[in-house]
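This chain uses plain numbering: 1 for the first residue, then up along the sequence.
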Amino acid sequence: MASLTVPPAPANPRQDAIDLHKAFKGFGCDSTAVSNILAHRDSMQRGYIQHEFKTMYSEELSRRISSELSGNHKKAMLLWILDPAGRDATVLRDALSVEAPDLRAATDIICSRTPSQLQIMKQTYYAKFGTYLEHDIGQQTAGDHQKILLAYLGIPRYEGPEVDPTIVTHDAKDLYKAGEKKLGTDEKTFIRIFTERSWAHLAAVASAYHHMYDRSLEKVVKNETSGNFEVALITILRCAENPAKYFAKALRKSMKGLGTDDRTLIRIVVTRTEIDMQYIKAEYYKKYKKPLSDAIHSETSGSYRTFLLSLVGSH
């Protein structure tokens, strides 16, 4: 369930473009006005606004935002105005850059998306950057981490709720044999089951594993694997069981301790606002006894804070 709030009457994209142009004009940008408009328009409306802005002022809205806003507010806004697949593709392109790769971010995006989202994202990546996502992953990753990402991207998985109990039990046994039962780990089996099975099926496997061996499958993954390969498996497993809980934990981690991991905070807030932010907020409150909006308020400031809180909405 999305947390995005849009005006009750449909907004006029031409008027929005005019109002944005006004906010940019003159000495200093009225960043509050920019946020007030764009933070309350859905993906399609933002697309129309960008089209109108370019038609009327012969300039890309993204370029104008780049020159008028700054810091984290600018980063968040530039991601927000993209459509969901374009946003994921852009985050991945940055995460797989030669200069400063962020393999955690790349793993998070790929392993937390549905097969249909991944399909559109791959097409968008190629259309935007003229190179295949698989090629860039091949360049920047290695070993089992590379194998699981490429398999997760390439294998079409069922997205419905039905599971076959016989296959579930079989998979739980195979994972036991591939991990706890043997000396060393048979990574191939973990990759096969985690990349070929639906989320509903994997959640059932985790439950069956616990029932059969009195051990949590997540703990087994943590004991048997390491590094980015472990991150990929854990992300897939947690999203299979409860995506909102997974993102609530990731948000908490981005704001815990000294300093804030703004890159992660922006990525999650911006990419989940139109999908399941209400569920994430509920999971956050349940686990940490504090509204997500309060946590964001204490970790951010200025127009950046205002913008993120507009997206997340109140408790």
Side-chain angles (χ1 to χ4, degrees), residues 43 46 50 60-115 117-154 191 195 225-236 239 246-247 250-251 253-255 259-273 275 300 304 307-308 311:
S43 182
R46 296 192 304 274
Q50 289 177 80
E60 294 288 353
L61 179 59
S62 56
R63 280 192 68 143
R64 197 61 195 261
I65 287 169
S66 265
S67 63
E68 297 287 349
L69 302 183
S70 61
N72 288 318
H73 186 203
K74 174 168 91 172
K75 286 175 194 164
M77 186 64 84
L78 287 173
L79 269 186
W80 173 245
I81 63 170
L82 299 169
D83 64 281
R87 194 186 294 138
D88 280 352
T90 302
V91 171
L92 275 171
R93 181 71 169 172
D94 288 346
L96 296 167
S97 71
V98 183
E99 300 79 35
D102 181 353
L103 298 182
R104 285 274 170 124
T107 305
D108 170 78
I109 288 279
I110 292 166
C111 297
S112 65
R113 300 304 189 253
T114 64
Q117 285 171 331
L118 290 172
Q119 263 323 101
I120 302 165
M121 187 175 80
K122 284 196 294 186
Q123 292 162 1
T124 307
Y125 194 94
Y126 184 77
K128 261 176 116 64
F129 308 114
T131 178
Y132 290 105
L133 175 56
E134 294 87 341
H135 170 268
D136 287 354
I137 288 168
Q139 297 287 98
Q140 291 298 338
T141 60
D144 291 320
H145 181 227
Q146 184 183 99
K147 283 176 195 162
I148 195 166
L149 291 186
L150 292 175
Y152 206 69
L153 274 172
I191 292 170
T195 61
T225 62
S226 62
N228 285 318
F229 178 50
E230 179 197 326
V231 172
L233 290 168
I234 295 289
T235 304
I236 293 167
C239 286
Y246 164 75
F247 285 112
L251 281 166
K253 199 177 165 195
S254 76
M255 294 184 277
T260 305
D261 175 1
D262 290 293
R263 244 178 126 167
T264 302
L265 177 60
I266 289 167
R267 183 176 77 247
I268 297 172
V269 168
V270 167
T271 57
R272 305 314 290 186
T273 288
I275 300 173
T300 57
Y304 170 47
F307 179 56
L308 290 189
L311 296 182

*Asks:* Using atom types as modelled and distance alone, determine if a side-chain donor or acceptor of Q50 lies under 3.5 Å from a backbone N or O of R46.
*Replies:*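 Yes: the side chain of Q50 pairs with the backbone of R46.
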*Asks:* Looking at side-chain heavy atoms only, is the closest gap between L150 and T195 below 4.5 Å?
*Replies:*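 L150 does not reach T195 side chain to side chain.
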*Asks:* Looking at Y152 and C111, what are the two nearest heavy atoms and their distance?
*Replies:*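 Result for this residue pair: CE2-CA, 3.8 Å.
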*Asks:* Hey, what do you get for NZ (K74) to OG (S67), rounding to the nearest 0.5 Å?
*Replies:*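 With rounding to 0.5 Å, NZ (K74) is 8.0 Å from OG (S67).
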*Asks:* Taking N228's backbone N and O only, do any of them form a donor-acceptor pair with R104's side chain (distance below 3.5 Å, no angle check)?
*Replies:*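 Not at all, since once roles are kept as given, no pair shorter than 3.5 Å links the two residues.
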*Asks:* Would you be so kind as to tabulate the donor-acceptor pairs closer than 3.5 Å made by side chains of residues 125-137, with sequence neighbours excluded?
*Replies:*
{"unit_1": "Y125", "atom_1": "OH", "unit_2": "D136", "atom_2": "OD2", "d": "2.5"}
{"unit_1": "D136", "atom_1": "OD2", "unit_2": "R93", "atom_2": "NH1", "d": "2.9"}

*Asks:* Mind running side chain to side chain contact (heavy atoms under 4.5 Å, CB included) on V98 and Q140 for me, showing each step along the way?
*Replies:* CA-CA 7 Å; V98 183; Q140 291 298 338; 3.6 Å; yes
*Asks:* Could you walk me through whether R87 and W80 pass side chain to side chain contact (heavy atoms under 4.5 Å, CB included), step by step?
*Replies:* CA-CA 7 Å; R87 194 186 294 138; W80 173 245; 3.9 Å; yes
*Asks:* About how many Å separate OG1 of T141 and CG of L149, when rounded to the nearest 0.5 Å?
*Replies:*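 Between L149 CG and T141 OG1, I get 6.0 Å after rounding to 0.5 Å.
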*Asks:* Starting at NZ of K75, measure out to CD1 of I65 and round the result to the nearest 0.5 Å.
*Replies:*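 One finds 15.5 Å between NZ of K75 and CD1 of I65.
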*Asks:* Any chance you could measure F229, atom CZ, to T107, atom OG1, to the nearest 0.5 Å?
*Replies:*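 Interatomic distance, F229 CZ to T107 OG1, rounded to 0.5 Å: 11.5 Å.
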*Asks:* Can you check whether N72 reaches R263 side chain to side chain, under 4.5 Å on heavy atoms?
*Replies:*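 Not in contact.
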*Asks:* Okay, side chain of K147, backbone of I191: is any donor-acceptor separation there less than 3.5 Å?
*Replies:*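 Between the backbone of I191 and the side chain of K147 there is no qualifying donor-acceptor contact (under 3.5 Å).
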*Asks:* Could you check if a side-chain atom of D102 sits within less than 4.5 angstrom of a side-chain atom of S97, using non-hydrogen atoms only?
*Replies:*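 The answer is no, as the side chains (C-beta and beyond) never meet within the 4.5 Å cut-off.
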*Asks:* Taking the side chain from R113 and the backbone from L118, do they hold a donor-acceptor pair closer than 3.5 Å?
*Replies:*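 Judged by distance alone, no pair lies under 3.5 Å.
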*Asks:* Between D108 and R267, does any NZ, NE, NH1 or NH2 come within less than 4.0 Å of an OD or OE carboxylate oxygen?
*Replies:*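 Looking at D108 together with R267, the answer is yes, because their closest N to O distance falls below 4.0 Å.
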*Asks:* What are the two closest heavy atoms between L233 and T225, and how far apart are they?
*Replies:*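 L233 and T225 have their closest heavy atoms at CD1-CG2, 3.7 Å.
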*Asks:* On a heavy-atom basis, which atom in L96 and which in A106 lie closest, and how many Å separate them?
*Replies:*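 Looking at all heavy atoms of both residues, the closest pair is CD2-CB, 4.1 Å.
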*Asks:* If you look at every heavy atom in L78 and S62, which pair is closest and at what distance?
*Replies:*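 What the structure gives for the nearest pair is CD2-O, 3.4 Å.
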*Asks:* Taking side chain as C-beta onward, heavy atoms only, is Q117 less than 4.5 Å from I275?
*Replies:*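 The answer is yes, as the side chains (C-beta and beyond) meet within the 4.5 Å cut-off.
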*Asks:* Which heavy-atom pair separates L92 from M121 by the least distance, and what is that distance?
*Replies:*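 Distance-wise, the nearest heavy atoms are CD1-CE, 3.5 Å.
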*Asks:* Would you name the heavy atoms of H145 and A232 that are closest together and state the gap between them?
*Replies:*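 Scanning both residues completely, I find the closest heavy atoms to be CD2-CB, 4.5 Å.
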*Asks:* In Å and rounded to the nearest 0.5 Å, what is the CG to CE distance from L82 to M77?
*Replies:*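 Going from CG on L82 over to CE on M77, the span is 12.0 Å.
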*Asks:* With I268, which of L265, V270, T264 fulfils side-chain contact (heavy atoms from CB on, under 4.5 Å)?
*Replies:*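 It is T264, the one option of L265, V270, T264 that forms the side-chain contact (heavy atoms from CB on, under 4.5 Å) with I268.
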*Asks:* What's the separation between atom CG in L153 and atom CD1 in I148, rounded to the nearest 0.5 Å?
*Replies:*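 So the CG of L153 and the CD1 of I148 are separated by 11.0 Å.
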*Asks:* Between P84 and S43, is any pair of side-chain heavy atoms under 4.5 Å apart?
*Replies:*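 P84 vs S43: side chains touch.
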